[in-house]
Enquirer: 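Attaching a single structure in structure tokens format; questions to follow.
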Amino acid sequence: MNILVLNCGSSSVKFQIISTDASRAAKNQDECLAKGLVERIGGLALISFEAKGRAPLREDAPIRDHREAIKRIVAWLESPQSAIKGISSLSDIHAVGHRVVHGGEKFKTAILVDKDVEEGIADCMELAPLHNPANLRGIRAAQEILGASTAQVAVFDTAFHSSIPETSYLYPIPYHFYRRLKIRRYGFHGISHQYIASRYQALAGVSSQESNLISLHLGNGSSVCAVKEGKSFDTSMGFTPLEGLVMGTRSGDIDASIVEYISHKEGMSIAEIISMLNRESGLLGISGITSDMRELLDEERESQDRRAHLAIDIFCLRARRYIGAYLAEMGGADAVVFTGGIGENSPQIRERICAGLGPLGLTLDSRKNLGGLPEKERLISSPDSRIKAYVIAANEELLIAREVLRLTNSTLDVQKM
Ligand code: ADP
């Protein structure tokens, strides 16, 4: 079946068309037929679409809202211009999978969208005011454009973390804030960590129950997830994505008292300080130059600029600290997996994060770590390392497509019975 995967951000829509079925998914042979992005929705949008074996399309066009963006995507998908194998009309798009950022405590797994699910997503808007409204707009637009007979599935970025025990998800603040306001750690990047856990299983040849790993998603946004017996056991992001690792522009963990102190000293509002912690901190904040790891790693820059060097060191130290903490929390792990733009592409960062972890049972093989080949998945630990280390390319779209496949296949089965 052909599955349209949509990821609606506040002013963008990303998509992929994935062709798959149960047997291809089992053999990891699903196929991405086309992908693209509409950015700067609400003004003169930037459109970039590409189909397998075709020259990419890039153009500017005024796009008012998410509905118009999705209309544009679908029109291109079915047009002869894109020439996508197996897609010549709307009816060749069999189902849609939506990435939905926040499922609150309500959604513990992916789900077929109906009116109740739409309401549930709307109920979580306060927890993700930038993302959930855009996700819901995407769902409604796709329903309208593709018709009621095309299944829509919501896949939540928080759902994988619904297995985290209370001892890890509760903040040690007065309990009534959890009861009344649902303030707790939810975790994000769940779709990515779930995909990593599933690929680890396949690569290591273990069952879900035997999967004990630490997944490090290191990109602009970064998080770590402790996966115990195939389930999320703890993760570094919390009530919002601000908590945890040092990120491109987010601070990660800080002492909350800093907020009051800055407000008092600088006359900044809480909203301004939170925005500073989200947008001007992390690698950008320390280096004062850029949030982009590749630019910081630039040999000249790192060797000549003390703060660029410091930003990278703080980033690596925090990641190493979480690995240590999760090893202690889980009572050990069998593997550490690196993913995301930085995790997949930077041998140097992987090396610097793992430095000194030998006594804990993790040593990288420097040749395998350097790799050089654009392999999507590989083992990078030394043969005698008790904890294995892998690089696995992130693929959230594929996890979403497989969730759609799982849910739509089971409805078909139920209908047949
Ligand atoms: P997002 O979280 O926006 O999806 P990505 O996962 O694409 O981000 O990661 C972006 C980050 O990956 C940037 O900091 C970028 O510099 C970094 N990156 C990409 N390639 C490399 C590389 N070869 N070496 C180091 N960092 C890299």
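Just so you know, ligand 1 is whichever comes first in the structure, and atom 1 is the first atom listed for that ligand. Since the structure is predicted, the reported quantities are computational estimates derived from the model, not experimental observations.
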Enquirer: Judging by distance only, is a nitrogen or oxygen of G341 under 3.5 angstrom from one on ligand 1?
Expert: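 Min N/O separation from ligand 1 is below 3.5 Å for G341.
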Enquirer: For atom 26 (N) of ligand 1, what's the nearest protein heavy-atom neighbour? Residue, atom name and distance, please.
Expert: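 That would be R294 N, 3.7 Å.
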Enquirer: Using a plain distance cutoff, I'd like to know if N220 has any nitrogen or oxygen under 3.5 Å from a nitrogen or oxygen of ligand 1.
Expert: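 Yes, there is a polar N/O contact under 3.5 Å.
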Enquirer: Can D253 and Y322 be counted as having a side-chain donor-acceptor contact under 3.5 angstrom?
Expert: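 Y322 and D253 do have a side-chain donor-acceptor pair below 3.5 Å.
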Enquirer: May I ask you to identify the nearest protein heavy atom to atom 17 (C) of ligand 1, giving residue, atom name and distance to one decimal place in Å?
Expert: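 Ranked first by proximity to atom 17 (C) of ligand 1 is I342 CG1, 3.5 Å.
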Enquirer: Are more than 12 heavy atoms from other residues, nucleotides or ligands located less than 6.0 Å from atom CD of E260?
Expert: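 No, not enclosed.
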Enquirer: Under 4.0 Å from a heavy atom of L297: give me the atoms of ligand 1 that qualify, with their elements.
Expert: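 So the atoms of ligand 1 that pass are 25 (C).
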Enquirer: Give the residue and atom name of whichever protein heavy atom lies nearest to atom 16 (O) of ligand 1, and the separation in Å to one decimal.
Expert: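 For this ligand atom, the closest protein heavy atom is D292 OD1, 2.5 Å.
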Enquirer: I'd like to know if the side chain of T249 pairs up with that of S291 as donor and acceptor (distance under 3.5 Å, no hydrogens or angles considered).
Expert: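 Judged by distance alone, the side chains do not pair up.
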Enquirer: Looking at atom 4 (O) of ligand 1, tell me if a protein heavy atom falls under 4.0 Å from it.
Expert: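 Within 4.0 Å of atom 4 (O) of ligand 1, no protein heavy atoms are found.
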Enquirer: Has R24 got more than 12 heavy atoms of other residues, nucleotides or ligands less than 6.0 Å from its CZ?
Expert: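 Yes - once you tally the heavy atoms of other residues, nucleotides and ligands closer than 6.0 Å, there are more than 12.
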Enquirer: Assess whether a salt bridge exists between E329 and K228, defined as any Lys/Arg side-chain N lying under 4.0 Å from an Asp/Glu carboxylate O.
Expert: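 No, this pair does not count.
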Enquirer: Would you say H217 has any N or O atom under 3.5 Å from an N or O of ligand 1, going by distance alone?
Expert: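 No, since none of the N or O atoms of H217 sits under 3.5 Å from an N or O of ligand 1.
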Enquirer: Does F315 reach the side chain of I349, with side-chain heavy atoms less than 4.5 Å apart?
Expert: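 Yes. Closest side-chain heavy atoms under 4.5 Å.
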Enquirer: Please list, in number order, the atoms of ligand 1 under 4.0 Å from a heavy atom of S346.
Expert: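 Atoms satisfying the 4.0 Å criterion: 24 (N), 25 (C).
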Enquirer: Should we say atom CD of E266 is surrounded by more than 12 heavy atoms from elsewhere, each under 6.0 Å from it?
Expert: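 It does not: E266 CD has 12 such atoms or fewer within range.
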Enquirer: Would you please determine whether G221 falls within less than 4.0 Å of ligand 1 on a heavy-atom basis?
Expert: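 True for this residue.
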Enquirer: Report the nearest protein non-hydrogen atom to atom 22 (C) of ligand 1: residue, atom name, distance rounded to 0.1 Å.
Expert: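 Nearest protein contact, heavy atoms only, for atom 22 (C) of ligand 1 is N345 CB, 3.5 Å.
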Enquirer: Polar-atom distance check: M293 versus ligand 1, any N or O pair below 3.5 Å?
Expert: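 Yes; at least one N/O pair falls below 3.5 Å.
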Enquirer: Less than 4.0 angstrom from a charged side-chain N to a carboxylate O is my criterion; do K182 and E105 meet it?
Expert: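 E105 and K182: salt-bridged.
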Enquirer: Check each heavy atom of L218 against ligand 1 and say whether those closer than 4.0 Å belong to the side chain, the backbone, both or neither.
Expert: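 It is neither; nothing of L218 touches ligand 1.
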Enquirer: Evaluate the side-chain proximity of S163 to F233: yes if any heavy-atom separation is below 4.5 Å, no if none is.
Expert: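 No, side chains not in contact.
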